[in-house]
Amino acid sequence: MQRETIGNGAKILLTLGFLLAPAMPADANDAPKKLAFEVVDRNAQQMTDVSDALFYFGELGMQEFESTKLLNDTLTAAGFKVELGGAGMPTNLWAEYGSGRPKIAIVTEIDALPGGSQTPGTYERKPLVANGPGHMEGHNTHGGVASMAAFAVKEVMRRHNIPGTVAISFGPAEEQLASRPYLVRAGMFKDVDAIILLHIRDTLATGFGVQNYAAISSVFTFYGKTAHGATNPWDGKDAVDAIELMDIGFDKLREHLRPTYRAHRTITVGGIQPNIIPDKGQIWWFVRDASMPAAKETYDKLLKIAEGAALMTGTTWDVKYAASAWPQLVNKAIAEAVQKNIELVGVPQWSEQEQQFAKDFQKAAEKPVVGLRTAPVPLGGRTQAASSNDNGDVTWVVPAGSVNFPSSVPGIEYHEWKAAVTPVSSISHKGQVAGAKVLAASIIDLLTTPELLQKARAEFEVESKKTPYFSLVPPDAKPDIDLNRAEMEKYRAELTKFYLRKTPRFN
Ligand SMILES: [Zn+2]
């Protein structure tokens with residue numbers, strides 16, 4: 001029930017409504033939220049210690065061992081039940097407090113990116129470890145914010161005797177879209193009533209509708225027959241020719257695809273030297289579109305093109321599913337509740353020094369010199385992004401909200417070393433405090449306002465049925481837990497020197 005919808009003469013109803021639902025969305029005098037905010041303020045240092053520690057681990061997807069160890073320790077000490085290794089992935093972490101329904105889960109990720117190592121605070125290129133991995137998307141901040149918010153909710157549940165469960169799902173390898181479809185397949189969200197997707201951004205915001213793109217990632221391998229390129233090329237079957245023909249075939253197809261599509265590839269095995277006819281060639285494709293059925297349609301055509309390329313070259317081929325992601329379907333009812341909390345919490349008070357740093361950084365990066373944002377983003381009007389996040393899969397099986405918090409500098413794009421300059425700065429820290437408060441308040445709303453959950457569920461039933469969910473994961477596929485292992489092991493010893501070795505404890 002929302003106050004502004006109550007007409008004249010509804011005073012009694014209003015009072016009754018208040019009694020029935022003590023945590024009406026976004027009320028500054030609301031005791032549970034007030035307590036949650038106090039808990040966050042009191043533990044701000046512990047929260048950012050978690051996030052900062054994760055930054056220096058700089059761990060790639062599926063190799064988040066130090067990161068999940070710290071989160072496991074921190075959350076266990078904070079009274080959470082923690083499970084590592086769910087859905088067959090050693091670094092998949094699920095933590096929860098409470099029991100039964102409603103069950104609300106934060107869904108986020110903590111992985112870094114290859115080549116992202118950078119010395120924080122300096123916007124000249126200066127890696128901590130040459131060529132090493134690092135947090136150039138600030139996923140490290142998700143660890144602190146999610147843990148903090150869940151702990152604040154736990155304290156509120158205890159003090160106010162609120163039934164239900166608060167959970168956190170830290171899924172591995174978001175940057176390779178490699179885990180969430182497996183979490184869904186394993187049924188990890190079966191008894192969850194709603195989720196909130198958590199992600200760093202340069203502003204405090206939420207949204208609704210379909211937020212980003214569907215993606216399918218597959219590796220195609222062709223097998224031919226080797227021969228000398230000069231003496232008996234007629235005996236050879238060139239697997240790299242098949243790759244080139246696949247490329248040409250797809251380029252012919254491009255004209256006939258929806259304007260919304262995206263497709264990109266990289267050749268991962270392209271032969272050895274010119275006078276050896278290659279018997280192996282490999283090409284890795286990403287196919288995307290605004291919806292999964294549209295992406296799948298293009299992907300099925302790509303399979304036909306591979307078949308054609310093999311026919312033309314007399315080679316054989318196979319295809320290995322690598323990853324996939326549905327677009328995020330975000331619930332409007334939850335977004336409206338989150339937006340009220342965003343307005344309640346507000347954007348952090350930036351110091352003059354922080355604003356100046358942001359402007360100098362923007363200038364050095366040749367971006368518009370706008371400084372840090374001083375107001376939250378109004379609800380609605382965000383266009384569908386062409387990027388993907390595999391947490392999208394979860395949003396088609398359970399109603400989802402989203403929270404973005406202001407811990408990076410506007411104009412500094414992720415997936416570039418520059419975005420690793422600020423994840424441990426005071427800008428990031430203040431943004432995390434705001435994010436944890438909005439997240440905690442929104443989970444409290446979902447736990448204590450049955451009509452909000454009902455409204456979200458009703459909307460979800462309509463919206464999700466417009467595109468019934470199907471999994472792209474082949475039935476016999478297993479998560480690639482060796483992903484990034486070799487790359488990570490190259491740098492781990494050197495990274496160890498920078499570890500913060502902190503033991504944050506929430507209280
Ligand atoms: Zn991300």
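In each ligand, atom 1 is the first atom listed, and ligand 1 is the first ligand listed.
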(request) Sort out for me which residue in Arg254, Glu297, Arg288 forms a side-chain hydrogen bond (donor to acceptor under 3.5 Å, both in side chains) with Tyr261. (result) Arg254

(message) Are the side chains of Thr206 and Glu336 in contact, using a 4.5 Å heavy-atom criterion?
(response) no

(message) Just to be sure I understand the site: which N, O or S atoms from the protein are less than 2.8 Å away from the Zn ion (ligand 1)?
(response) Glu137 OE2, His139 NE2, His199 NE2

(request) Can you spot which of Asn389, Asn331, Ile195, Val107 makes a side-chain contact (heavy atoms from CB on, under 4.5 Å) with Thr395? (result) Ile195

(request) Check whether the ring centres of Trp326 and Phe470 lie less than 6.0 Å apart, and answer yes or no. (result) yes

(message) Is it the case that the ring center of Phe189 lies less than 6.0 angstrom away from the ring center of Trp396?
(response) no

(message) Taking side-chain hydrogen bond (donor to acceptor under 3.5 Å, both in side chains) as the definition, give me every residue that meets it alongside Lys465, ordered by chain and number, with sequence neighbours left out.
(response) Glu461

